[in-house]
Q: 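The structure is given below, and queries will be raised subsequently.
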Amino acid sequence: MSLFPDLPIENNEPVFKEPWEAQAFSLVIALHEKGVFSWDEWSEALAKAIHWGPHQAGENDVVQRVGEGLGGRMGEKGNIGDSYYQHWLAALEHLAVAKGLSEADELAQRVQAWREAYLATPHGQPVELANN
Amino acid sequence: MTVSPSRKQPDAESSLSTMSHEHDHDHTDPPSDIELRVKALESLLLEKGLVKQDALNAIIETYEHQVGPKNGAHVVAKAWSDLPFKQALLENATATVADLGYVGRQGEHLTVVENTLDIHNLVVCTLCSCYPWTLLGLPPVWYKSAPYRARAVSEPRAVLYEFGTVVPEHKDIRVWDSTSEMRYLVLPERPAGTKGWSESQLQALVTRNSMIGVELARPGAEEVK
């Protein structure tokens, strides 16, 4: 699958280490199926994100600049297999802004809204965004 | 009826004296920044109608079996065949599964709860979808659904019935609420008719749902033939 350079693959299928990776994967597939972007556009965005790396606070990292940045446990990844979906998400955020689906501010605010929703939710109750 | 859905089992009961996590705080620790970013983007795209929840679920379902519950099945089959291993697993699951190479990437702890003649265990995450995914792969869509999250606590017996699992009246049902710090895995009862089976034979009987506790392990010899 040259569309997804370096995609972690096992038995010809993508493998996910954590659920958020699958969520990010599913968003890209769904947006492509909806015709929001072509695979050419996607693979270009992804290749750029991989090239820039996860630590570069460049224009691709729309949220990272505003939020707290990637947490410590995300920060010490050496090989592409571990950081692949970090790049994937950065590329997706970049494309979402480039395609006018969202704006960097809006994304950053939403990250903060979720963080606050967790902090405001008593343990054991479902976390929901308050007013959207 | 002797249903006793206690959402948060006291730690003392599960031999977790070494665990220091705190269950009483009145907030929920947010997940990692990258998980929040995915949630942010996903919730915005859903609201704007740019993606549909059903479509996302279908994509994830396609892949969730790929990661699959084989690690968990390995742990369960080993516990069925190896008593000292089982005892270690029930006493300190985190360390015991780590010895097999199954280590959570975010330092979360694992507790294994054993189904017995008197007790049936059921796992939920009322909060969101905390799940022992190093052992079970990606959580199924229903596990993340609001009805399951609520009803597993309020009417576990009815939920089990809907999964085709009839728990005898005399059995207590214990419901375990997963958190970002503590994940639970059910050790199902070893099915009858499996005497002398090898670990890999046993492994084939251990389903994902049986390790969440919504079903029993697959039946042994008599029914299989």
Side-chain angles (χ1 to χ4, degrees), chain A residues 10-11 13-31 33-34 36 54 62-64 67-71 73-74 82 85-86 89-90 92-93 96 101-102 106-129 132, chain B residues 7-8 22-48 50-53 55-67 104-107 125-131 133-134 137-139 144 146 149-150 153 177 179-180:
Chain A
E10 207 176 280
N11 301 324
E13 297 280 359
V15 290
F16 306 104
K17 292 209 185 73
E18 304 185 24
W20 69 264
E21 297 182 345
Q23 258 177 297
F25 179 85
S26 72
L27 285 172
V28 168
I29 305 294
L31 287 172
E33 281 174 358
K34 204 157 163 77
V36 171
V62 288
V63 171
Q64 198 177 335
E68 291 175 9
L70 294 171
R73 59 176 166 259
M74 293 295 171
D82 279 349
Y85 282 101
Q86 295 176 33
L89 178 60
L92 177 56
E93 288 169 344
L101 309 183
S102 182
E106 187 181 41
L107 281 171
Q109 279 161 16
R110 182 54 68 91
V111 168
Q112 192 53 31
W114 274 114
R115 192 191 312 278
E116 284 162 9
Y118 274 88
L119 291 172
T121 303
H123 185 90
Q125 289 179 21
V127 175
E128 308 287 355
L129 286 176
N132 284 290
Chain B
R7 266 197 328 191
K8 292 161 200 166
E22 182 55 63
H23 272 322
D24 299 327
H25 44 199
D26 56 358
H27 71 275
T28 304
D29 291 332
S32 69
D33 290 330
I34 199 143
E35 287 168 83
L36 288 173
R37 281 164 62 194
V38 175
K39 271 183 102 65
L41 190 55
E42 184 186 64
S43 59
L44 283 169
L45 294 173
L46 284 168
E47 275 166 34
K48 296 179 183 195
L50 293 161
V51 295
K52 295 266 182 295
Q53 190 67 61
L56 296 178
N57 289 349
I59 292 163
I60 288 179
E61 259 178 277
T62 308
Y63 294 103
E64 80 191 8
H65 299 290
Q66 213 43 52
V67 180
R105 300 221 312 161
Q106 301 183 350
C125 175
T126 55
L127 184 63
C128 45
S129 55
C130 294
Y131 190 71
W133 42 263
T134 47
L138 303 177
K144 298 183 275 189
R149 282 157 32 193
V153 174
D177 190 4
T179 68
S180 56

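In what follows, chains carry the letters A, B, and so on, assigned in the order in which the sequence lines appear, proteins first and then strands, with residues in each chain numbered from 1.
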Q: Does a side-chain heavy-atom distance below 4.5 Å link Tyr118(A) with Pro31(B)?
A: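 A side-chain contact exists here, since the closest heavy-atom pair is under 4.5 Å.
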
Q: Looking at Lys144(B), is its backbone amide N or carbonyl O close enough to the side chain of Arg149(B) to form a donor-acceptor pair, meaning the two atoms are under 3.5 Å apart?
A: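 Yes, because the side chain of Arg149(B) sits within donor-acceptor range (under 3.5 Å) of the backbone of Lys144(B).
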
Q: In chain order, what residues pass the side-chain hydrogen bond (donor to acceptor under 3.5 Å, both in side chains) check against Ser26(A), with sequence neighbours excluded?
A: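 With sequence neighbours excluded, Ser26(A) shows a side-chain hydrogen bond (donor to acceptor under 3.5 Å, both in side chains) to no residue whatsoever.
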
Q: Identify which part of Glu106(A) has an atom lying under 4.5 Å from any heavy atom of chain B, answering side chain, backbone, both or neither.
A: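 Both parts, backbone and side chain.
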
Q: What part of Ala22(A) gets within 4.5 angstrom of chain B, counting heavy atoms only: side chain, backbone, both, or neither?
A: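 It is both, since atoms from each part get that close.
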
Q: Where on Lys48(B) is there a heavy atom nearer than 4.5 Å to chain A: the side chain, the backbone, both, or neither?
A: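 Answer is side chain: those atoms of Lys48(B) sit under 4.5 Å from chain A.
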
Q: Chain A: which of Ser43(B), Ala55(B), Ala146(B) shares the most heavy-atom pairs with it under 4.5 Å?
A: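 Heavy-atom pair counts peak at Ser43(B).
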
Q: Examine whether an atom of Leu45(B) lies under 4.5 Å from a heavy atom of chain A, and if so say whether it belongs to the side chain, the backbone or both; otherwise answer neither.
A: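 Contact with chain A is through the side chain of Leu45(B) alone.
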
Q: Measuring from atom CD1 of Ile60(B) to atom CZ of Phe25(A), what distance do you get when rounded to the nearest 0.5 angstrom?
A: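 One gets 10.0 Å once the value is rounded to the nearest 0.5 Å.
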
Q: Just to verify, what does Glu42(B) make a salt bridge (Lys or Arg N to Asp or Glu O under 4.0 Å) with, not counting sequence neighbours?
A: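 For Glu42(B), no residue satisfies salt bridge (Lys or Arg N to Asp or Glu O under 4.0 Å) once neighbours in sequence are set aside.
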
